[in-house]
*Asks:* 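Sharing a structure below in structure tokens format, with a few things to ask.
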There are 2 protein chains.
Amino acid sequence: MTLHKSTACDADHCPIRDVLGHIGDRWTVLVLKALEPGTLRFGEIRHVIEDVSQRMLAQTLRRLEQDGLVSRRVHPSIPPRVDYTLTDLGRSLMEPIGAMVDWAVTHHEDVRAARAAWVPPPSHTAL
Amino acid sequence: MTLHKSTACDADHCPIRDVLGHIGDRWTVLVLKALEPGTLRFGEIRHVIEDVSQRMLAQTLRRLEQDGLVSRRVHPSIPPRVDYTLTDLGRSLMEPIGAMVDWAVTHHEDVRAARAAWVPPPSHTAL
DNA sequence: CAGGATCCACCAGGATACTG
DNA sequence: CAGTATCCTGGTGGATCCTG
């Protein structure tokens with residue numbers, strides 16, 4: 001069981017956890033957004049994101065390709081050239097992601113304000 | 001640096017990572033969705049989600065409260081009664097989250113199909 | 001240039017026990 | 001009932017080195 005019953009998620013094949021687990025990890029969304037404007041090479045993505053290690057980038061791209069969200073194309077040249085493009089499925093995902101990002105940008109200040117106003121409950125908070 | 005320049009995220013205060021980091025963790029979305037229909041007590045949330053430990057639930061609720069997404073109300077009774085409700089901010093977040101969940105449900109099969117069709121690239125993939 | 005392989009540090013998160 | 005405190009483990013992700 002991975003999600004409560006009320007959300008049509010009854011066992012191991014839970015779409016929410018499956019997808020959210022991906023978009024939740026450190027790099028997936030950033031990579032997706034990097035590719036949104038158009039095709040990029042491996043190195044170009046690294047340049048755009050800057051603080052991603054090649055290990056994590058390669059790993060993230062692999063999974064995105066595996067999930068059919070990104071297509072990978074190898075040009076048999078020396079030095080090698082590999083570029084990545086969003087698939088239709090990938091592009092369709094950008095909408096909900098965009099909504100999330102928009103929310104984040106719009107309400108970030110509210111969240112930060114709420115955090116600033118935070119007072120830790122004394123455990124035995126009464127009334 | 002947490003996100004690439006092209007997304008108006010220039011240093012430590014990156015809304016995307018800040019918010020996505022939250023929704024990405026194991027329980028936040030589930031708790032949020034649990035509270036969507038209405039106010040619930042601590043134990044009720046546990047009952048709904050089932051496989052969350054009280055530690056993780058308490059922790060998740062704390063952060064949600066801290067971020068102003070959930071309000072916590074303590075009734076000074078014995079046994080103690082504490083209930084949680086989405087704030088307006090929290091409710092406003094449910095839209096983008098709903099969009100993500102909808103996408104997940106709709107395209108989950110595509111993703112699973114893509115995974116099934118997966119062939120690992122031979123490293124020295126040439127053409 | 002694109003990435004695989006390896007080693008390692010950190011922490012999210014589970015189990016358990018205790019408290020108001 | 002609604003937590004907090006402590007201990008412990010597995011996986012995520014960073015650094016580094018190596019290859020086609």
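Not measured: the values here are computed from a predicted model. So that the names make sense, note that chain A is the first sequence line, chain B the second, and so on, each numbered from 1. Values below: all heavy atoms of this structure, side chains included; hydrogens, waters and symmetry mates excluded.
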*Asks:* Looking at A/Arg62, does any N or O in its side chain come under 4.0 Å of the phosphate oxygens OP1/OP2 on C/dG4?
*Replies:*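 Result: yes.
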*Asks:* Rounded to whole angstrom units, what separation is found between the CZ atom of A/Arg46 and the C1' atom of D/dA15?
*Replies:*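 So the CZ-C1' distance, A/Arg46 to D/dA15, works out to 11 Å.
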*Asks:* Under the rule for side-chain hydrogen bond (donor to acceptor under 3.5 Å, both in side chains), what residues qualify as partners of B/Thr87, not counting sequence neighbours?
*Replies:*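 Expected list: none.
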*Asks:* With sequence neighbours left out, write down each residue that passes side-chain hydrogen bond (donor to acceptor under 3.5 Å, both in side chains) with A/Arg91, or none if nothing qualifies.
*Replies:*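 In terms of side-chain hydrogen bond (donor to acceptor under 3.5 Å, both in side chains), with neighbours along the sequence ignored, A/Arg91 is linked to A/Asp88.
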*Asks:* With each end axis built from five pairs of C1' atoms, what bend angle do you get for the helix from C/dC1-D/dG20 to C/dG20-D/dC1? Round to 10°.
*Replies:*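 Helix axis angle between the two ends: 40°.
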*Asks:* Whole angstrom is fine here: how far is it from CG in B/Leu57 over to C1' in C/dA12?
*Replies:*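 Going from CG in B/Leu57 over to C1' in C/dA12 covers 15 Å.
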*Asks:* Can you tell whether the side chains of A/Arg112 and B/Asp67 come within less than 4.0 Å, N to carboxylate O?
*Replies:*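 Here A/Arg112 does not pair with B/Asp67 in a salt bridge, since their nearest N and O are not under 4.0 Å apart.
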*Asks:* Could you tell me the separation between the CG atom of A/Asp83 and the C1' atom of C/dC1, rounded to a whole number of Å?
*Replies:*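 Going from CG in A/Asp83 over to C1' in C/dC1 covers 13 Å.
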*Asks:* So, is A/Arg81 close to the D/dG20 phosphate, meaning a side-chain N or O under 4.0 Å from OP1 or OP2?
*Replies:*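 No, outside the criterion.
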*Asks:* Could you check how far CG of B/Leu30 sits from P of C/dG13, rounded to whole Å?
*Replies:*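 Whole-Å distance recorded here is 11 Å.
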*Asks:* Atom pairs, N/O to N/O, protein against nucleotides 11-14 of chain D, distance under 3.5 Å?
*Replies:*
from   : atom 1 : to      : atom 2 : distance (Å)
D/dG13 : OP1    : A/Arg26 : N      : 3.2
D/dG13 : N7     : A/Arg55 : NH2    : 2.4
D/dG14 : OP1    : A/Arg26 : NE     : 3.1
D/dG14 : OP2    : A/Trp27 : NE1    : 3.4
D/dG14 : N7     : A/Arg55 : NE     : 3.3
D/dG14 : O6     : A/Arg55 : NE     : 2.8
D/dG14 : O6     : A/Arg55 : NH2    : 3.1

*Asks:* Taking atom C1' of C/dA5 as reference, at what distance in whole Å does atom CD of A/Gln54 sit?
*Replies:*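 Checked: the CD to C1' distance equals 11 Å.
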*Asks:* Quick one: is C/dA2 close enough that its OP1 or OP2 comes under 4.0 Å of any side-chain N or O from A/Arg41?
*Replies:*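 Looking at the OP1 and OP2 atoms of C/dA2, one of them is under 4.0 Å from a side-chain N or O of A/Arg41.
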*Asks:* Mind checking what makes side chain to side chain contact (heavy atoms under 4.5 Å, CB included) contact with A/Asp83, not counting sequence neighbours?
*Replies:*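 Side chain to side chain contact (heavy atoms under 4.5 Å, CB included) check on A/Asp83 returns A/Thr39, A/Arg41, A/Arg73, A/His75, A/Arg81.
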*Asks:* Looking only at the side chain of A/Pro80 (C-beta and beyond, no hydrogens), which of the listed nucleotides C/dC1, C/dG3, D/dC1 gets closest?
*Replies:*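 Shortest atom-to-atom distance from the side chain points to C/dC1.
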*Asks:* I need the CG-P distance between B/Leu40 and D/dG3, as an integer number of Å.
*Replies:*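 Computing the B/Leu40:CG to D/dG3:P distance gives 13 Å.
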*Asks:* For B/His107, what residues pass the ring pair (Phe, Tyr, Trp, His ring centres under 6.0 Å) criterion, not counting sequence neighbours?
*Replies:*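 Result, ring pair (Phe, Tyr, Trp, His ring centres under 6.0 Å) vs B/His107: B/Trp103.
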